[in-house]
Enquirer: 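Below is the structure I would like to discuss, written out as structure tokens.
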Amino acid sequence: MSTTAPRPAVVTDFSLDTGLSRTRKPLQRRMSAMAGMYADQRAAERLAEEDVLVYEFFDMGVPQSSGEVAYGTSITYPGKVGDEYFMTKGHFHSVLDTAEIYYCLRGRGLMMMENPEGDVQWQEFTPGQGVYVPGRYAHRSINTSPDEPLITFFAFPGHAGHDYGTIESKGFRKIVVERDGAPAVVDNPKWAR
Ligand SMILES: O=P(O)(O)OC[C@H]1OC(O)[C@H](O)[C@@H](O)[C@@H]1O
Ligand SMILES: [Fe+2]
């Protein structure tokens with residue numbers, strides 16, 4: 001992929017208000033594609049019937065090689081499944097030891113992280129705040145605002161890849177739910193060892 005031929009710089013636009021682009025189309029994930037990931041299965045199935053949009057994000061088509069940087073915005077919409085906040089599926093990177101940086105542009109939420117050894121961490125997202133997800137940590141964005149989208153800008157090594165298998169079958173160890181009107185991190189009742 002390495003070449004000495006001139007390469008054009010790429011210019012993109014992402015709205016600070018919506019996270020969307022005027023020139024590119026995002027990928028969308030609806031409840032029907034992830035209903036099984038929420039603790040309250042029946043509430044998830046009801047929302048899946050309406051096929052509610054949970055989040056969108058950009059794949060800018062950057063070559064999947066180690067010298068490249070994959071990037072884009074990710075927009076997680078406000079909402080709850082039962083008392084569990086809307087979230088992304090979450091994933092490990094296929095090349096496990098690759099990191100990712102997220103910078104919060106709008107909204108409020110959490111980045112949930114855990115490594116295969118079971119270390120769990122979470123960090124708050126608030127506009128202007130960046131979260132560096134270390135290599136080996138699965139990561140999931142969670143929107144804890146009642147009414148605003150959570151918009152982040154992310155960047156990770158082009159060759160990192162996505163590994164959903166472990167998260168789809170086991171889930172994260174912790175989930176984020178509303179308790180007495182505020183977000184609380186609790187054990188995932190569905191987490192399987
Ligand atoms: O891949 P998901 O867990 O569904 O999340 C959706 C997307 O969110 C991000 O912001 C990541 O950087 C993307 O690489 C990811 O694909
Ligand atoms: Fe990632």
Side-chain angles (χ1 to χ4, degrees), residues 12 14-16 18-21 24-38 44 47-48 51-66 68-79 81 84-116 120-125 127 129-144 149-176 188:
T12 26
F14 296 111
S15 159
L16 289 168
T18 65
L20 298 171
S21 167
R24 305 288 296 236
K25 260 203 174 356
L27 299 174
Q28 300 188 322
R29 286 218 219 283
R30 295 177 180 276
M31 190 58 77
S32 55
M34 60 179 311
M37 302 190 117
Y38 289 90
L47 291 168
D51 220 9
V52 169
L53 178 61
V54 183
Y55 61 101
E56 347 191 31
F57 60 98
F58 287 87
D59 178 342
M60 302 300 288
V62 166
Q64 292 177 8
S65 59
S66 60
E68 304 284 344
V69 177
Y71 65 95
T73 51
S74 169
I75 306 116
T76 306
Y77 291 103
V81 179
E84 186 177 4
Y85 296 101
F86 277 16
M87 61 191 184
T88 63
K89 284 175 81 167
H91 55 267
F92 285 96
H93 289 161
S94 310
V95 180
L96 189 59
D97 198 15
T98 50
E100 180 159 353
I101 177 78
Y102 285 78
Y103 182 70
C104 182
L105 302 173
R106 181 177 173 198
R108 186 159 291 276
L110 289 180
M111 176 59 86
M112 181 60 69
M113 295 165 273
E114 68 175 49
N115 72 3
V120 177
Q121 302 181 29
W122 56 91
Q123 286 296 331
E124 205 184 330
F125 273 137
Q129 187 126 340
V131 177
Y132 184 88
V133 179
R136 300 183 56 79
Y137 279 76
H139 38 287
R140 160 182 285 171
S141 304
I142 302 164
N143 183 346
T144 58
L150 172 65
I151 304 175
T152 56
F153 180 86
F154 63 84
F156 61 93
H159 69 304
H162 293 77
D163 169 12
Y164 294 101
T166 321
I167 295 302
E168 273 174 358
S169 57
K170 296 170 61 158
F172 279 72
R173 286 168 170 81
K174 301 276 186 189
I175 62 171
V176 183
N188 180 0

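For ligands, and for the atoms within them, numbers begin at 1 and follow the listed sequence.
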Enquirer: Counting backbone and side-chain atoms alike, is an N, O or S atom of H91 positioned under 2.8 Å from the Fe ion (ligand 2)?
Expert: yes

Enquirer: Answer yes or no: is there an ion pair linking R29 with E56, defined by an N-O contact shorter than 4.0 Å?
Expert: no

Enquirer: Write the atom name of the N, O or S atom in E100 that is nearest the Fe ion (ligand 2).
Expert: OE1

Enquirer: Got a salt bridge between K174 and E114, using NZ or NE/NH1/NH2 to carboxylate O under 4.0 Å?
Expert: no

Enquirer: Would you say that H91 contacts H139 through its side chain, given a criterion of any heavy-atom pair below 4.5 Å between the two side chains?
Expert: yes

Enquirer: How close does the nearest protein non-hydrogen atom get to atom 8 (O) of ligand 1, and which residue and atom is it?
Expert: S74 OG, 4.0 Å

Enquirer: Regarding S32 and D51, is there a side-chain donor-to-acceptor distance under 3.5 Å anywhere?
Expert: yes

Enquirer: Output the list of atoms in ligand 1 that are nearer than 4.0 Å to some heavy atom of Y55, sorted by atom number.
Expert: 2 (P), 4 (O), 5 (O), 6 (C)

Enquirer: Going through the checks in order, is the side chain to side chain donor-acceptor pair (under 3.5 Å) test met by H159 and S65?
Expert: CA-CA 5 Å; H159 69 304; S65 59; over 6 Å; no

Enquirer: Could you tell me the separation between the CD1 atom of I75 and the CG atom of L20, rounded to the nearest 0.5 Å?
Expert: 4.5 Å

Enquirer: Looking only at protein heavy atoms, which one is nearest to atom 10 (O) of ligand 1, and how far off is it?
Expert: F154 CD2, 3.0 Å

Enquirer: Would you confirm whether the ring centroid of F156 sits within less than 6.0 angstrom of the ring centroid of H162?
Expert: yes

Enquirer: Nearest 0.5 Å please: distance from the CG atom of L96 over to the OH atom of Y137.
Expert: 10.5 Å

Enquirer: Heavy-atom contacts with G90 under 4.0 Å: which atoms of ligand 1 show up? List them by number with element.
Expert: 3 (O)

Enquirer: Looking at R29, which atoms of ligand 1 are within less than 4.0 Å of one of its heavy atoms?
Expert: 1 (O), 2 (P), 4 (O)

Enquirer: Which atoms of ligand 1 are found less than 4.0 Å from any heavy atom of Y102?
Expert: 9 (C), 10 (O), 11 (C), 12 (O)

Enquirer: Out of H139, H91, M87, who is nearest to atom 2 (P) of ligand 1 when you count heavy atoms only?
Expert: H91

Enquirer: Which distance, rounded to the nearest 0.5 Å, do you find between the CZ of F57 and the CZ of F154?
Expert: 7.5 Å

Enquirer: To the nearest 10°, what's the angle at the Fe ion (ligand 2) between atoms NE2 (H93) and NE2 (H139)?
Expert: 100°

Enquirer: At what distance is the nearest protein heavy atom to atom 14 (O) of ligand 1, and which residue and atom is it?
Expert: H162 NE2, 2.7 Å

Enquirer: Starting from atom 1 (O) of ligand 1, which protein heavy atom do you reach first, and at what distance in Å?
Expert: Y164 OH, 2.4 Å

Enquirer: Counting each atom of ligand 1 from 1 as listed, which ones have a heavy atom of E100 under 4.0 Å away?
Expert: 11 (C), 12 (O)

